[in-house]
Structures are given as C-alpha cells and as structure tokens.
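Take this structure first; my questions come after.
Heavy atoms only: backbone and side chains are in, while hydrogens, waters and symmetry mates are out.
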Amino acid sequence: AGKIIVLEGFMDVIALYKAGIKNAVAIMGTALTSNHLRMLKRLSNDVVLCLDGDQAGKNAMMKCIDAMALAGFNIGVVVIPDQMDPDEFLKAKGKDELNALFKNPQSAIDFKMSYHYERINVENYEDRKKYLESMVEMIATLDDLVDRDYYIEQLVKKSGFSKEIIYQLLSQKPHEKQPIPFQPITYDQVVCVSFVFPYRLFIGFGNGSFYDSGIIIAATSAVAEGACFIIPLCLLGIDRKNIVRPLDRYHSQHLLISV
C-alpha cells in the first residue's frame with residue numbers, strides 16, 4: 001500500500017480530493033485514538049500527518065507523532081503555511097500549490113526540531129542549552145548514521161552550539177532503540193494451551209518453549225471441557241516482535257482459547 005494522508009476534518013479530505021489527492025482520511029478532530037491507529041495499520045505503514053497549521057494544530061500533531069511512532073509508523077509531516085487548514089489553503093493558493101506541499105513532506109524529527117525551536121528565545125543562552133539537550137535526547141534514538149549526521153548539522157545551525165559539543169553529549173547517552181513497530185499476532189506457533197489448578201493459563205509454542213501467563217481464569221467455577229476463553233493479549237504479555245501474519249483485526253488483540 002502507498003502512503004495514507006491523515007487530516008483533521010472531512011472538508012480537508014474534500015479539498016485534497018479536489019486537488020487530485022485521493023489517499024486521504026480524516027480523524028474528525030485532533031485526538032488520535034487507538035482505533036484510528038489500528039485502522040490505519042490495516043491500510044499502510046506509511047503516513048503523512050497534516051492537521052491545521054495554527055498553534056493548536058501543531059500541538060496536536062506533536063501528540064499524534066508520538067502515538068504513531070510508538071505504533072511503528074513511518075511518519076511524514078506537512079505544515080500548512082499561514083496557519084491555514086488544507087481547505088483554506090486550496091481556496092487561497094490553488095490546487096498546484098497544495099499538491100506541491102504534499103509531494104515534499106518533512107520528517108517527524110524535522111517537524112519536532114522546528115516546533116521546539118519556535119518556542120524558545122534564541123537570544124537566551126539557557127533556552128538554547130535546554131533546546132540542545134532535548135534534541136540530543138531525540139537524536140540519540142536514531143540508528144542510521146546518515147540520519148544522525150544530518151540532524152546534528154541541523155542542530156548546529158539552530159542551537160548555535162558546535163558539532164563537537166553535540167557529539168560529546170551524544171557519547172554520554174546510551175543508544176536507545178526506537179520502539180519495536182507494532183506487528184499483529186497470529187497463533188500458528190501456539191500448539192497447546194493447558195490449565196493447572198486453580199486454572200492457571202499456560203501456553204506451549206512449537207519451538208518447545210512454554211509460557212506461564214500467571215493469569216488465574218474462572219476462579220469461581222470449574223473449567224468445562226470445550227469451554228472458550230477470550231484473553232486480551234495485553235494481559236498475556238506475549239512478545240509480538242517474532243510473531244507475524246495476522247488472522248484478522250480482532251484476533252490481533254485477543255487470544256481465543258478452547259479447552
């Protein structure tokens with residue numbers, strides 16, 4: 001699947017459609033929910049986020065970016081100039097300029113660096129120092145050496161501090177891995193499920209490992225043969241990263257167990 005453009009309202013989707021951009025959806029507000037993320041994940045892993053260009057829209061995009069990053073999306077960002085929304089921009093500038101904006105989205109890190117930079121007093125040393133330290137924390141999460149070098153250069157320009165001091169600060173930071181991207185679950189590897197009194201759930205996997213969930217089930221009644229239990233995966237704590245090929249959206253969140 002290609003990229004999905006995530007907008008704020010239905011009028012924004014209509015504006016992009018008029019400009020010939022048809023891969024857009026609206027979250028109908030600025031609050032991005034877990035349901036939104038699950039539905040987007042079924043469409044694509046690559047998103048371009050564009051909420052209103054005013055300060056409230058930028059604040060909302062910061063929160064959305066964090067949620068999307070935790071869910072494992074590749075994120076681009078489009079900021080509409082002059083605090084407009086896409087519908088207003090289309091009416092003011094026309095479809096060619098609107099198309100040009102979405103052909104060249106900025107990275108999530110570029111957006112974050114600009115967002116925080118706009119909120120400091122660049123003439124104030126303490127402000128610039130806090131900005132530097134905050135951005136170093138973000139750069140320290142990057143795996144790609146080319147990406148690191150690029151954002152270090154950007155930080156030199158914005159903060160006014162030298163590349164040497166940035167490298168020194170980075171050397172003091174343990175490399176923090178990015179969150180493991182969300183991957184739906186399949187149960188091909190689950191070969192047996194058993195209960196031990198008082199109905200403690202155990203799961204056996206095809207590789208010979210055996211997982212004690214520590215969950216107590218049906219504490220007030222006997223477990224009848226053939227009974228089914230629907231267990232939220234968040235309670236199981238099963239490691240998702242090695243399990244792929246989802247069955248469907250529901251079973252990516254729950255485990256249906258028959259005994």
Separation of Leu98 CG from Lys18 NZ (nearest 0.5 Å):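 With rounding to 0.5 Å, NZ (Lys18) is 11.5 Å from CG (Leu98).
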Within one Ile-Leu-Val-Met-Phe-Trp-Tyr cluster: Leu43 and Val6, side-chain cutoff 4.5 Å: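 Linked, Leu43 and Val6 end up in one cluster.
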Contact check, side chains of Lys163 and Ile166, non-hydrogen atoms, under 4.5 Å: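 Lys163 does not reach Ile166 side chain to side chain.
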Polar side-chain atom of Ser44 near backbone of Gly2 as donor-acceptor pair, under 3.5 Å: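 Checking the backbone N and O of Gly2 against the side chain of Ser44, a donor-acceptor pair under 3.5 Å is found.
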Any Val78 side-chain heavy atom under 4.5 Å of Leu49 side chain: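 No, every pair of side-chain atoms sits at 4.5 Å or beyond.
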Beyond-backbone contact of Leu155 with Val136, side-chain heavy atoms, under 4.5 angstrom: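 Yes, close enough: below the 4.5 Å cut-off.
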Atom OH of Tyr167 with >12 non-hydrogen neighbours under 6.0 angstrom: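 Enclosed: over 12 neighbouring heavy atoms sit under 6.0 Å from OH of Tyr167.
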Heavy-atom check, side chain of Asn74 versus side chain of Val47, under 4.5 Å: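 Counting from C-beta outward, Asn74 and Val47 never come under 4.5 Å.
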Between CG on residue Leu32 and CG on residue Leu51, distance to nearest 0.5 Å: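 The CG atom of Leu51 is 8.5 Å from CG of Leu32, to the nearest 0.5 Å.
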Which side-chain N or O atoms in residues 58-69 pair as donor and acceptor under 3.5 Å with protein atoms at least two apart or in another chain?
residue	atom	partner	partner atom	Å
Asn59	OD1	Gln55	NE2	3.0
Asn59	OD1	Tyr115	OH	2.7
Asn59	ND2	Gln55	O	3.4
Asp66	OD1	Lys112	NZ	2.7

Whether Ser134 side chain and Lys130 backbone form a donor-acceptor pair below 3.5 Å: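 Absent.
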Validation row: Leu101, Ile80 side chains within 4.5 angstrom (heavy atoms):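 Answer yes - side chains close enough.
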Spacing of NZ belonging to Lys157 relative to CD belonging to Glu153, to within rounding of 0.5 Å: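 Going from NZ on Lys157 over to CD on Glu153, the span is 6.5 Å.
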Nearest-0.5 Å distance that lies between atom CG in Asn124 and atom CZ in Arg128: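 One gets 8.5 Å once the value is rounded to the nearest 0.5 Å.
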Side chains of Ser159 and Tyr117, donor plus acceptor under 3.5 Å: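 Absent: no donor and acceptor within the cut-off.
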Hydrophobic cluster identity match, Leu7 and Phe89, side-chain contacts under 4.5 Å: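 Yes, it is one cluster - the side chains of Leu7 and Phe89 are joined through contacts under 4.5 Å.
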Side chain to side chain, Met113 and Met138, heavy atoms closer than 4.5 Å: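 They are in contact (side-chain heavy atoms under 4.5 Å apart), so the answer is yes.
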Pi-cation contact, Tyr131 with Lys158 (under 6.0 Å, within 45°):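 Relative to the ring axis of Tyr131, which defines the angle, Lys158 lies outside at least one limit.
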Side-chain donor/acceptor of Asn99 to backbone N/O of Lys95, under 3.5 Å: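 Yes, Asn99 side chain to Lys95 backbone: donor-acceptor pair under 3.5 Å.
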Criterion side-chain hydrogen bond (donor to acceptor under 3.5 Å, both in side chains) on Asn121 and Asp127, from CA distance to verdict: CA-CA 6 Å; Asn121 176 4; Asp127 271 12; 5.2 Å; no
Test item: Glu97 side-chain N/O and Gly94 main-chain N/O as donor-acceptor pair under 3.5 Å: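 Not at all, since once roles are kept as given, no pair shorter than 3.5 Å links the two residues.
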Over 12 foreign heavy atoms within 6.0 Å of CD, Glu126: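 Counting neighbours around CD of Glu126, more than 12 heavy atoms of other residues, nucleotides or ligands fall under 6.0 Å, so yes.
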Test item: Lys22 side-chain N/O and Leu16 main-chain N/O as donor-acceptor pair under 3.5 Å: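 No, Lys22 side chain to Leu16 backbone: no donor-acceptor pair under 3.5 Å.
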Arg148 side-chain N/O to Ala140 backbone N/O, donor-acceptor pair under 3.5 Å: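 Pair found, side chain donor or acceptor close to backbone of Ala140.
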Phe111 backbone acceptor or donor facing Gln106 side chain under 3.5 Å: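 Side chain of Gln106 to backbone of Phe111, a donor-acceptor pair under 3.5 Å: yes, one is there.
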Heavy-atom pair of closest approach, residues Val25 and Val13: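 So the minimum-distance heavy-atom pair works out to C-CG2, 3.7 Å.
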Shared hydrophobic cluster, Ile120 / Tyr125 (ILVMFWY, side-chain heavy atoms < 4.5 Å):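 As far as the 4.5 Å side-chain criterion goes, Tyr125 and Ile120 are connected within one cluster.
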Hphob cluster co-occupancy, Leu90 + Phe10, side-chain heavy atoms under 4.5 angstrom: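 No.
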Expected output: side-chain His36 to main-chain Thr33 donor-acceptor under 3.5 Å: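 Here the side-chain-to-backbone pair exists.
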Hydrophobic cluster membership, Met135 vs Tyr151, 4.5 Å side-chain cutoff: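 Hydrophobic grouping puts Met135 with Tyr151.
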Under 3.5 Å: donor-acceptor pair, side chain of Glu8, backbone of Asp52: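 Flag set: sc Glu8 to bb Asp52 pair under 3.5 Å.
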Heavy-atom check, side chain of Leu132 versus side chain of Leu169, under 4.5 Å: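 Sidechains of Leu169 and Leu132: in contact.
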Inter-residue atom distance Met39.CE - Ser34.OG, 0.5 Å rounding: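 Here the interatomic distance stands at 9.0 Å.
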Polar side-chain atom of Asp12 near backbone of Gly9 as donor-acceptor pair, under 3.5 Å: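 Side chain of Asp12 to backbone of Gly9, a donor-acceptor pair under 3.5 Å: yes, one is there.
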Side chain to side chain contact (heavy atoms under 4.5 Å, CB included) between Ile4 and Val48, worked out: CA-CA 6 Å; Ile4 301 297; Val48 175; over 6 Å; no
Between CG on residue Asp144 and OH on residue Tyr150, distance to nearest 0.5 Å: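 Spacing of CG (Asp144) from OH (Tyr150) equals 13.0 Å.
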Worked verdict on Val79 versus Val77 for side chain to side chain contact (heavy atoms under 4.5 Å, CB included): CA-CA 7 Å; Val79 178; Val77 181; 4.2 Å; yes
Criterion side chain to side chain contact (heavy atoms under 4.5 Å, CB included) on Leu37 and Phe73, from CA distance to verdict: CA-CA 9 Å; Leu37 293 172; Phe73 286 96; 3.8 Å; yes
From CA spacing to verdict: side chain to side chain contact (heavy atoms under 4.5 Å, CB included), Ile139, Thr141: CA-CA 5 Å; Ile139 292 171; Thr141 67; over 6 Å; no
